[in-house]
Amino acid sequence: MEEKMIRKQTREVRIGNRVIGGQNPILIQSMANTRTEDVKGTIAQIQKLTAAGCEIIRCAVPTMEAAEALADIKKGITIPLVADIHFDYRLAIAAMEHGADKIRINPGNIGSRERIQAVVDAAKERGIPIRVGVNSGSLEKELVEKYHGVTPEGLVESAMDKVHIIEGMGYDNLVISIKSSDVLMCVKAHTLISGQSDYPLHVGITESGTITSGNIKSAMGLAMILSQGIGDTIRVSLTGDPLEEIKSAKLILRTLGLRKGGIEVVSCPTCGRTQIDLIGLANQVEELVSDIDLDIKVAVMGCVVNGPGEAKEADIGIAGGVGEGLLIKHGEIYKKVKEEELLSALRHELLHWGE
Ligand code: SF4
């Protein structure tokens, strides 16, 4: 029987046209890496990310021009837009005036109480949620001293302090994020904060690295956090094309059973019996199924002798041989086709699935 994860009940928070928290789906977030002032370029990237499965997008707002650009960017996109603000409270207010659906601030670097209050008042007026973010790299000195270093306890205290400041200003439309590039510290901090607060959590491992190391760190960290039922939105941070972040995030959610839909491609690890270019074939199959909306498993196997048996758990599969390949359904040979027709035969079956 399929294991079902029990998710922690958090408060619901509306971000533009989506709602997170509660039992709403865990949404995939990414961050545009275009210059926000470049409206055309930013819209083009967000549209591409949206088509790939991105559900919330964050843009850096380092200048007033970037804050003003949000209004035009919003006209060209369909997913909620989060403005990422550091230091300058005026940019946070301008971002909201120009249509940001959520703002991400660290009240610790916004400055005086009056400035934080001005941001909170602007958010309150428009019902815009504030994501309170803390990062292990910028933990306050007092907390580093109190806990003898950067610790999960210190990160949680820092985040909760900020939440309390904003709550004290009469606002509780909040999302919390705690980021650390140390996977185990990040996991422990999430476990702790989840026991102390019911605000939705945006989860991610920060500065996780290039595609390979970033994917591994993110997958491990997110899996440990999400499998505790914690997390309402996720981001896989990679030093690379943000499209890779979306692919990885989708895979992580699907692997944990937190997301249904989409074809899962499995492929054999290859061995001395492999008779074809299986690596190339598996990549071609991933590409070929990417636009087909079926909730099934497709296997790509490297030989016709053991391939069918080893693909038993897949709904459909192909096994490649020299000159001839097989179409397999639940481990049984279903059809023999010429090697060069294997991919088109598979696509044909998928397009007529269930007919
Ligand atoms: S399916 Fe064939 S090629 Fe692939 S690992 Fe198994 S025996 Fe080797």
Side-chain angles (χ1 to χ4, degrees), residues 1-3 52-53 209-224 226-227 236 238 240-241 243-355:
M1 207 181 70
E2 205 180 327
E3 291 280 338
T210 53
I211 303 285
T212 305
S213 66
N215 268 328
I216 291 178
K217 279 172 92 172
S218 290
M220 292 180 80
L222 285 167
M224 284 190 266
L226 293 169
S227 62
V236 174
L238 296 175
D241 186 336
L243 274 174
E244 295 296 327
E245 298 189 357
I246 306 300
K247 272 196 221 162
S248 303
K250 281 165 91 173
L251 263 175
I252 290 168
L253 290 179
R254 213 156 55 194
T255 307
L256 292 169
L258 290 164
R259 192 58 81 99
K260 293 273 170 234
I263 293 180
E264 182 183 357
V265 177
V266 295
S267 50
C268 83
T270 74
C271 72
R273 290 188 192 84
T274 315
Q275 292 173 307
I276 49 157
D277 166 27
L278 190 77
I279 300 168
L281 191 65
N283 282 322
Q284 281 174 295
V285 171
E286 275 206 341
E287 190 62 41
L288 172 141
V289 303
S290 61
D291 63 338
I292 302 177
D293 192 18
L294 287 172
D295 187 9
I296 59 168
K297 198 182 267 190
V298 175
V300 186
M301 312 304 282
C303 73
V304 292
V305 184
N306 294 351
E310 290 180 20
K312 232 185 244 128
E313 282 179 31
D315 301 278
I316 185 165
I318 53 175
V322 177
E324 193 176 64
L326 303 176
L327 275 176
I328 312 154
K329 283 192 179 168
H330 292 289
E332 301 293 329
I333 298 172
Y334 167 73
K335 216 187 240 175
K336 282 188 184 167
V337 292
K338 286 192 197 135
E339 189 186 347
E340 60 274 19
E341 287 167 9
L342 204 47
L343 285 175
S344 54
L346 174 65
R347 185 157 170 93
H348 179 86
E349 289 297 325
L350 293 173
L351 291 175
H352 296 89
W353 194 257
E355 284 177 4

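Numbering of residues begins at 1 and proceeds along the displayed sequence. Start at 1 and go down the list; that is how both ligands and their atoms are numbered.
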Closest protein heavy atom (residue, atom, distance) for [atom]:
atom	answer
atom 6 (Fe) of ligand 1	Glu310 OE1, 2.5 Å
atom 2 (Fe) of ligand 1	Cys303 SG, 2.3 Å
atom 3 (S) of ligand 1	Thr274 OG1, 3.4 Å
atom 8 (Fe) of ligand 1	Cys271 SG, 2.3 Å

Side chains of Ile252 and Leu226, heavy atoms from C-beta outward: is any pair under 4.5 Å?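 Yes, close enough: below the 4.5 Å cut-off.
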Measuring only between side-chain heavy atoms, which start at C-beta, is Ile292 closer than 4.5 Å to Trp353?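 Not in contact.
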Could you list which atoms of ligand 1 come closer than 4.0 Å to a heavy atom of Gly307?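 Once the distances to Gly307 are compared, the set is 1 (S).
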Ion pair Lys329/Glu332, N-O distance below 4.0 Å: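 A salt bridge is absent here (no side-chain N lies under 4.0 Å from a carboxylate O).
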Closer than 4.0 angstrom, basic N to acidic O: yes or no for Asp295 and Arg254?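 No salt bridge links Asp295 with Arg254.
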Residue-level breakdown please: for Cys268 versus ligand 1, do any non-hydrogen atoms fall below 4.0 Å on the side chain, on the backbone, on both, or on neither?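 The side chain, only.
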Side chain to side chain contact (heavy atoms under 4.5 Å, CB included) with Ser248: which of Ile211, Leu222, Leu238, Leu253?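 With Ser248 as partner, Ile211, Leu222, Leu238, Leu253 yield a single side chain to side chain contact (heavy atoms under 4.5 Å, CB included), made by Leu238.
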